[in-house]
Student: 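Supplied in structure tokens, the structure appears directly below.
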2 protein chains.
Amino acid sequence: MVPAPSDATRTRLLEVAGPLFAARGFRDTGIKEICAAARCNVASVNYHFGSKLGFYGAVLAHAHQRAFVGSTMPVPAAGADPQQTLATWLRWWIGSMLHPDRPTWVQTLLAKEIVDPTPALDAMVERSIRPMHGRLTTMVKRILPPRTKPAKLRDAVNSIIGQVLIYKHASAVLERLGAMPEESAAGLDRLIDHVVTFTLGGLAALAKPSSPTTRRRSAR
Amino acid sequence: MVPAPSDATRTRLLEVAGPLFAARGFRDTGIKEICAAARCNVASVNYHFGSKLGFYGAVLAHAHQRAFVGSTMPVPAAGADPQQTLATWLRWWIGSMLHPDRPTWVQTLLAKEIVDPTPALDAMVERSIRPMHGRLTTMVKRILPPRTKPAKLRDAVNSIIGQVLIYKHASAVLERLGAMPEESAAGLDRLIDHVVTFTLGGLAALAKPSSPTTRRRSAR
DNA sequence: TCCGAATTCAAATGAAGGTTTGAAATGCAC
DNA sequence: GTGCATTTCAAACCTTCATTTGAATTCGGA
């Protein structure tokens, strides 16, 4: 009943579909297109996975395993400087998202799903995103003062994530504005340096008791 | 030939379609649905606008006019403190994007288009986005040291934009993570305070000669 | 009121895309 | 090699959706 996991075309489909879905999204990638790339019949997808949506879910699960092949999430050395730990992790994370020499289609797939969710989103959040988010939150918490409110911590983490995701989500516009960083290893390095500096500076500002400049009522 | 601009159904379509496109995107919003909401025949769209895409472009143009009704972009008082100017502008911008009591569908429409561009993107960039981006860049430039490299300025601006856009682009995931700010005027105020503080702190860090923590080669 | 142009409408058209079908081919156990 | 289950395939199917069509209706001016 359950198909043996030793299927040639089955795995071929899983391998081939990831980059295609990443390039054009779930809705705009056709079964025909995928099957042409995998050199198999259109019925194969439904035979092996039941439906296009089921197939997509399988692709995401399959992608999750080889998500960060070649580079594993750095484990924080216990007792290390929190800021340094965060900086190291950011280097790894941004690199895995944007490095021009590495297949970033898995992250692109995640980014597409984040913006335009399908029913497969829930599984993906629990499997891929929540662990990352938790790790990042822990690291930021170590940098902010002990009694920082959860809301403040949450906002800080979002500010970090947002700084990176924009390059995945808004690239079409950034390119038109001439605001996309150079697509080279050196350019990526400079971008990472920037994000690390900006982030640590932002966190330092949050740590101070502080009051934002020009506090006013929000508009309306 | 060119239809007189005094058409009842024509304007009714333009009025009704914005929120619908904002809710589900261009591809997933059907002509039928729109025409049902506007109480007119499906052929009306093609009659008045030529095609669905032409209609969409008209909707975007129409939306641009009433984009920020009720609140106009604050004009920087010449000679004012640059940081205060930026803070004020950020309050206005974020408020116009996220204020729960205000129709934010125009901004949602922009956000959708940013992530999933249609041929209408180019016009939208020139009309709506580039002016904002230019204004923001100018303000940031005044805060950073005089001889700051263009790339650094560009990255700083992106970091600011990214902090805000994440709430438009990734809300589905943030909700699942419990990381979405409270949807109230007070919650928005706190969020704005956070972004202002984080941003000014980040910019201050960029201003210092500086070197980021744990400088390493990027992975691979 | 009458005429012509503009507009509205229900129905048809045609393309695209996911899914189903039934037969052919393949692989594997005996 | 025979037989059975699995897998592949081409073709048909079915739904959705934008677009077109041609008739009916409305509107404005003479």
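Chain letters run A, B, ... following the sequence lines, proteins first, then strands; residues in each count from 1.
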Student: Identify which nucleotide among C:dT8, C:dC9, D:dT8 has an atom closest to any side-chain atom of B:C40, counting heavy atoms from C-beta outward.
Tutor: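 From the listed options, C:dC9 comes nearest.
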Student: Are any of A:S44's side-chain N or O atoms less than 4.0 Å away from OP1 or OP2 of D:dT7?
Tutor: no
Student: Mind jotting down which residue pairs meet the ring-ring contact (aromatic ring centres under 6.0 Å, His included) criterion with at least one end in residues 159-188 of chain A? Sequence neighbours excluded, please.
Tutor: A:H169-B:H169
Student: Check whether any side-chain heavy atom of A:R190 lies under 4.5 Å from a side-chain heavy atom of A:P181, and answer yes or no.
Tutor: no
Student: With a cut-off of 6.0 Å (strictly less than), are more than 12 heavy atoms of other residues, nucleotides or ligands near CZ of A:R27?
Tutor: yes
Student: When every nucleotide of nucleotides 15-20 of chain C is labelled 5' to 3' by its protein contacts under 4.0 Å (heavy atoms), B for base, S for sugar-phosphate only, - for none, what sequence of letters results?
Tutor: ---SBB
Student: Measure CZ/B:R12 against C1'/C:dT7 and give the value in whole Å, please.
Tutor: 12 Å
Student: Considering just the side-chain nitrogens and oxygens of A:H48, establish if one lies under 4.0 Å of OP1 or OP2 belonging to D:dT8.
Tutor: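 Affirmative; the distance criterion is met.
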Student: Hey, are B:T104 and B:H99 close enough side-chain-wise for a donor-acceptor pair under 3.5 Å?
Tutor: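 No donor-acceptor contact under 3.5 Å links the two side chains.
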Student: Applying the side-chain contact (heavy atoms from CB on, under 4.5 Å) criterion to A:I143, which one of A:L206, A:L86, A:T85 satisfies it?
Tutor: A:L86
Student: For a quick test of reading the model: is some side-chain N or O of B:T9 closer than 4.0 Å to OP1 or OP2 of C:dT8?
Tutor: yes
Student: Step through the shown structure and confirm whether more than 12 heavy atoms of other residues, nucleotides or ligands are within 6.0 Å of CZ on A:R12.
Tutor: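 Yes, enclosed.
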Student: Please report, rounded to the nearest Å, how far the C1' atom of D:dT7 is from the CZ atom of A:R39.
Tutor: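 The answer, rounded to whole Å, is 17 Å.
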